[in-house]
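Shown next, in structure tokens, is the structure this report addresses.
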There are 2 protein chains.
Amino acid sequence: MVNEYPSSRAEVIELMRDKGVNPTQQRIDIAQALFAKPQHLSADQVMSLVNQQRAAVSKATVYNTLGLFARKGLVREVIVDPSKVFYDPTMSPHHHFYNIDTGELIDVESGHFELSQFPPLPEGTEAEGVDVVIRIRNSATH
Amino acid sequence: MVNEYPSSRAEVIELMRDKGVNPTQQRIDIAQALFAKPQHLSADQVMSLVNQQRAAVSKATVYNTLGLFARKGLVREVIVDPSKVFYDPTMSPHHHFYNIDTGELIDVESGHFELSQFPPLPEGTEAEGVDVVIRIRNSATH
DNA sequence: CTGTGTGCAAAGCTTTTGCACTACT
DNA sequence: AGTAGTGCAAAAGCTTTGCACACAG
């Protein structure tokens, strides 16, 4: 298993400290929801999960915290749907199937892809990452 | 040159008819803005372009028309920025650099990539397309 | 007590919806 | 006249901003 998800509260806090994120109560709640298992959650879904347990974390805090986590390298932002961003706790290199019929997002092991010749980058820039999304649809549908 | 962009009004109308899009005045205006040259425009930018020439096309019509064009295969939606969709008049298979510092979007010739082994699709689905985005940033920046 | 960092209500943008209107049959 | 398709004002939804509050030094 490439990714070890922190399961206990203590492990979550340790990971946050490693990544330079101050572990406050709201952030711990949000991180625990994300790292519960491999999954792809929208900000809205994260908020539902968090607020069904403890009292309340505001929408703004959920958004700001997810953005912070992404910048700090705790989670990955997956941009496939114009209407919302998904957050992916799996940080190892991998790509995604995106089912345009169901909105479902599925991890694809990296290694299926070969960048035969990495295209020359524009002058004065460096690569930050490569995102591959394979859009799929249900066969029955047309 | 792989893509021939319709340059005259007549050519734009012909292309729309080919693709099964009823060529109304608003749609022609929008199509002409898009096909003026290879570029990546947001809905907002399209509206500015269209409305600086003729009187006025509403925001809603711009959005609805761009969505229609994308479904009909006149333009391609490029989803790289959570905040907005870009529309790309180049329909030949290609990928994109996305400069996260400047928001700039640059075409990359396809062919740099090799799908060594296409990953097995989930049961009951078929591939619709593959999007590859190489995120880059300015070297100076950190 | 001061300064940095955090959380959230309210504001801002992009996009979608529902309905009036148009243009064919 | 009836019907299918078009355009837009208003509504909705996702995300960011600006400020009040909390906490460490």
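Convention: sequence-line order gives letters A, B, ...; per-chain numbering from 1. Keep in mind that what you see is a predicted model, and the values were worked out from it rather than measured.
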Euclidean distance, [Y] [atom2] relative to [X] [atom1], rounded to 0.5 Å:
X: Asp88(A); Y: Glu77(A); atom1: CG; atom2: CD; result: 11.0 Å
X: Gln26(A); Y: Ile30(A); atom1: CD; atom2: CD1; result: 7.5 Å
X: Leu41(A); Y: Leu49(A); atom1: CG; atom2: CG; result: 6.0 Å

Requested in this report: Say whether, by atom type as modelled, one donor and one acceptor occur between the side chain of Thr65(A) and the main chain of Val62(A) under 3.5 angstrom.
Outcome: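 Not confirmed, Thr65(A) side chain does not pair with Val62(A) backbone.
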Query - Ser42(A) (side chain) donor-acceptor with Phe86(A) (main chain) under 3.5 angstrom - result: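 Pair absent, no side-chain N/O of Ser42(A) close to backbone of Phe86(A).
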Report task. Identify whether any heavy atom of Ser83(B) sits under 4.0 Å from a base atom; if not, whether one sits that close to sugar-phosphate; answer base, sugar-phosphate or nothing. Result ->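 Sugar-phosphate only.
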**Report entry** Bounds of contact between DNA chain C and chain A, in 5' to 3' order, using a heavy-atom cut-off under 4.0 Å
**Finding:**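 Counting from the 5' end, contacts occupy dT6(C) to dA9(C).
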**Report entry** Between Glu11(B) and Ser7(B), a side-chain donor and acceptor under 3.5 Å
**Finding:**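 Yes, Ser7(B) and Glu11(B) have a side-chain donor paired with an acceptor closer than 3.5 Å.
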Report task. Determine whether the side chains of His95(A) and Asp107(A) contain a donor N or O and an acceptor N or O closer than 3.5 Å. Result ->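 Side chains of His95(A) and Asp107(A): no pair found under 3.5 Å.
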Requested in this report: Would you please classify the geometry between the His96(A) ring and the His40(A) ring as parallel, tilted or perpendicular, with 30° and 60° separating the classes?
Outcome: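 Rings of His40(A) and His96(A): perpendicular, over 60°.
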Gap between atoms [atom1] and [atom2], on [X] and [N] respectively (whole Å):
X: Met47(A); N: dT16(D); atom1: CE; atom2: P; result: 15 Å
X: Asn64(B); N: dA9(D); atom1: CG; atom2: C1'; result: 12 Å
X: Tyr63(B); N: dA11(D); atom1: OH; atom2: P; result: 18 Å

Report task. Identify, between Asp44(A) and Ser58(B), the residue whose nearest nucleotide on DNA chain D lies closer to the 5' end. Result ->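 On the 5' side of the pair lies Ser58(B).
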Query - Neighbours of DNA chain C within residues 67-82 of chain B, by heavy-atom distance under 4.0 Å - result: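 Residues of residues 67-82 of chain B under 4.0 Å from DNA chain C: none.
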Requested in this report: Using the side chain to side chain contact (heavy atoms under 4.5 Å, CB included) rule, pick out the option among Val85(B), Leu34(B), Leu74(B) that qualifies with Leu66(B).
Outcome: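 The residue from Val85(B), Leu34(B), Leu74(B) that satisfies side chain to side chain contact (heavy atoms under 4.5 Å, CB included) with Leu66(B) turns out to be Leu34(B).
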Query raised in the report: What do the steps show when you test Tyr98(B) against Asp81(B) for side chain to side chain contact (heavy atoms under 4.5 Å, CB included), and what is the final call?
Result: CA-CA 9 Å; Tyr98(B) 181 61; Asp81(B) 185 319; 2.9 Å; yes
Query raised in the report: Of all of residues 15-24 of chain B, which get a heavy atom below 4.0 angstrom from DNA chain D, listed by number?
Result: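 By residue number: Asn22(B), Thr24(B).
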Query raised in the report: Does the pair Arg76(B)/Asp131(B) count as a salt bridge with the N-to-O cut at 4.0 Å?
Result: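 Answer for the salt bridge query: yes.
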